[in-house]
2 protein chains.
Amino acid sequence: MASGFETEDDDDRGLISDRIRNALTDEIAAGTLAAGAALDEQQLADRFGASRTPVREALRQLAAGGLVELRARRGGVVARMTPERIMDMFETVAEIEAVCVRLATYRMTPLERSRLIELHELSRPIAESGDVDAYDNFNRQFHETIYHATHNGFLAEQAIAIRNRLNAFRRTQLRQGERLSRSRDEHEAIMQAIAEGDGEMASRRMRAHMLNAATSLSRFIEANKPA
Amino acid sequence: MASGFETEDDDDRGLISDRIRNALTDEIAAGTLAAGAALDEQQLADRFGASRTPVREALRQLAAGGLVELRARRGGVVARMTPERIMDMFETVAEIEAVCVRLATYRMTPLERSRLIELHELSRPIAESGDVDAYDNFNRQFHETIYHATHNGFLAEQAIAIRNRLNAFRRTQLRQGERLSRSRDEHEAIMQAIAEGDGEMASRRMRAHMLNAATSLSRFIEANKPA
DNA sequence: GACCTGTTTCTTGTATGCAAATTAGTCCTG
DNA sequence: CAGGACTAATTTGCATACAAGAAACAGGTC
């Protein structure tokens, strides 16, 4: 938002290793590369029309981000996520978000507060329209606004990193219509607590909000993964 | 603990890139490589008697861990930490630790509880002796025991990762004698809250405990960094 | 027939070489 | 003398080549 130089996001121009990293991230997120899939360096190099060197660098970066598991001299596989681990990640995100909203409540500037209120107001028509992608986009903005309002850059970075890491594994789904309006209602409750300056209350409501989303996903996984 | 094969930890045998990564991590942590120092690939390669390839991989991993900042085609420098950022990191650790101890209070098994009590008892003579290294070691065990008692593997990993990241920047210092006994007193208060099953109380006390440590470090930085 | 062992093959890890890009150094110009 | 542009040198990014380890396979033995 602040840095508006690049025409789009990143692709095509720049470092090959970055292009490969982004492409692999997207493919893992989209599910094109299934969890547990072996990542052959030469094969990937051929596919991207590059040599193994940038592929290796991309894989290392992905491994550092937790998307890929790398065993020495045995190559890499797309990180295999157990339902337990996904729940652990969701709980962690929920707790971190709860921390963020508490700090944000006590520290946000009037400008940040009005920006958040504005965002929240904008979400009403989106939730009513049922446009999941649009709501997803709004939702990310809403939460990231809160991260930054903590005035703790490191915490904000961590929150975004973990959130992205989780996003990469939720595939395309979690698109149950009724969840949208409930999500907005929960945001509403959080906004009210923020408005009252009650960080603890906002924190508890945020935690509940995130855990509701987790439960929703959990049900989806349960339903779609028989094994 | 479970895997007790290696004679020591890691060094000398195994992947060269890992050896370089570990060595650089240690040197950054020890302050041998000052913050902002340029990291020339060829120079490091020569120093470690290797080629640039493993050096590059090591640098990427360090960059992912936040110890090194890498700008495209401009090489890497040891991450420059502003006092603000260090405080942000400390606050983040404090909040995460607070989350951990709350969850741990509600979820720890009797075995984990007795292990923690045992550890805490052991710390009394260490704190009295004033052996900072020994107390440091105990302290790490104490906190990591709490992480694992959350029964959330992902959260525990995150907590350890952030804690390590912070450790790498505190140089050799923070060795003021009086801090030891105060630290143990604070642990005592946390243990009491855990014993009473009051996770919220334990959480608040843990947060205060960590912020005290941060303030202590902050004072040190203020005193030793004139610029 | 099952299991162990030696060999082969494939993959990763490392080294070296080359090209592009950035930086610094110098020369010229205002 | 200051500022800018061109050139040269250093450094990163990538490609290719080689070596070492691991997995797969075949053969033989119990």
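Every chain is numbered from 1 and lettered A, B, ... according to where its sequence line falls, protein lines coming before strand lines. None of these values were measured; they are calculated from a predicted model.
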Nucleotide [N], atom [atom2] - distance to [atom1] of [X] in whole Å:
{"X": "B/Arg52", "N": "D/dT12", "atom1": "CZ", "atom2": "C1'", "value": "6 Å"}
{"X": "A/Arg73", "N": "C/dT14", "atom1": "CZ", "atom2": "C1'", "value": "9 Å"}
{"X": "A/Leu15", "N": "D/dT12", "atom1": "CG", "atom2": "P", "value": "13 Å"}
{"X": "B/Asp40", "N": "C/dT22", "atom1": "CG", "atom2": "P", "value": "17 Å"}
{"X": "A/Arg56", "N": "D/dG13", "atom1": "CZ", "atom2": "C1'", "value": "15 Å"}
{"X": "A/Arg71", "N": "D/dG21", "atom1": "CZ", "atom2": "P", "value": "18 Å"}
{"X": "B/Asp18", "N": "C/dT12", "atom1": "CG", "atom2": "C1'", "value": "13 Å"}
{"X": "A/Glu57", "N": "C/dT14", "atom1": "CD", "atom2": "C1'", "value": "13 Å"}

Does the pair [X]/[Y] count as a salt bridge with the N-to-O cut at 4.0 Å?
{"X": "B/Arg47", "Y": "B/Glu27", "value": "yes"}
{"X": "A/Arg115", "Y": "A/Glu144", "value": "no"}
{"X": "B/Arg80", "Y": "B/Glu69", "value": "no"}

Legend entry - Touch class at under 4.0 angstrom, heavy-atom based, for A/Leu59 against every strand present: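 The answer is nothing, as A/Leu59 stays clear of every strand by at least 4.0 Å.
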
Inset, instruction - Remember a base hit wins even if backbone is also touched, and classify B/Leu39 as base, sugar-phosphate or nothing at under 4.0 Å, heavy atoms. - result: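 Touches sugar-phosphate only.
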
Legend entry - 5' priority, DNA chain D, between A/Ala50 and B/Gly76 [closest heavy atom]: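 Its nucleotide being nearer the 5' end, the pick is B/Gly76.
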
Legend entry - Phosphate OP1/OP2 of C/dT14 contacted by B/Ser17 side-chain N/O (<4.0 Å):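 Yes, such a contact exists.
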
Legend entry - Distance test, side-chain N/O of B/Ser51 to OP1/OP2 of C/dA15, below 4.0 Å: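 Yes, within the criterion.
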
Legend entry - Closest to the A/Ile16 side chain, choosing from D/dC14, C/dT12, C/dT16: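 In terms of side-chain proximity for A/Ile16, the closest of D/dC14, C/dT12, C/dT16 is D/dC14.
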
Legend entry - Selected nucleotide, minimal atom distance to B/Pro54 side chain, candidates C/dG13, C/dA15, D/dG13: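 For B/Pro54, the side-chain atoms sit closest to C/dA15.
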
Legend entry - Base of C/dG13 paired with side chain of A/Arg74 (donor-acceptor, under 3.5 Å):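 By the distance-only test, no, there is no pair.
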
Inset, instruction - Using distance alone, with no hydrogens and no angle criterion, decide if B/Arg184 and B/Tyr135 have a side-chain donor and acceptor under 3.5 Å apart. - result: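 Looking only at side-chain atoms, B/Tyr135 and B/Arg184 do not form any donor-acceptor pair under 3.5 Å.
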
Legend entry - Pair B/His187, B/Asn139: side-chain N/O donor-acceptor within cut-off below 3.5 Å: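 A pair is found: one side chain offers a donor N or O, the other an acceptor, under 3.5 Å apart.
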
Legend entry - 5'-most by nearest nucleotide on DNA chain C - A/Gly75 or A/Thr53: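 The answer here is A/Gly75.
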
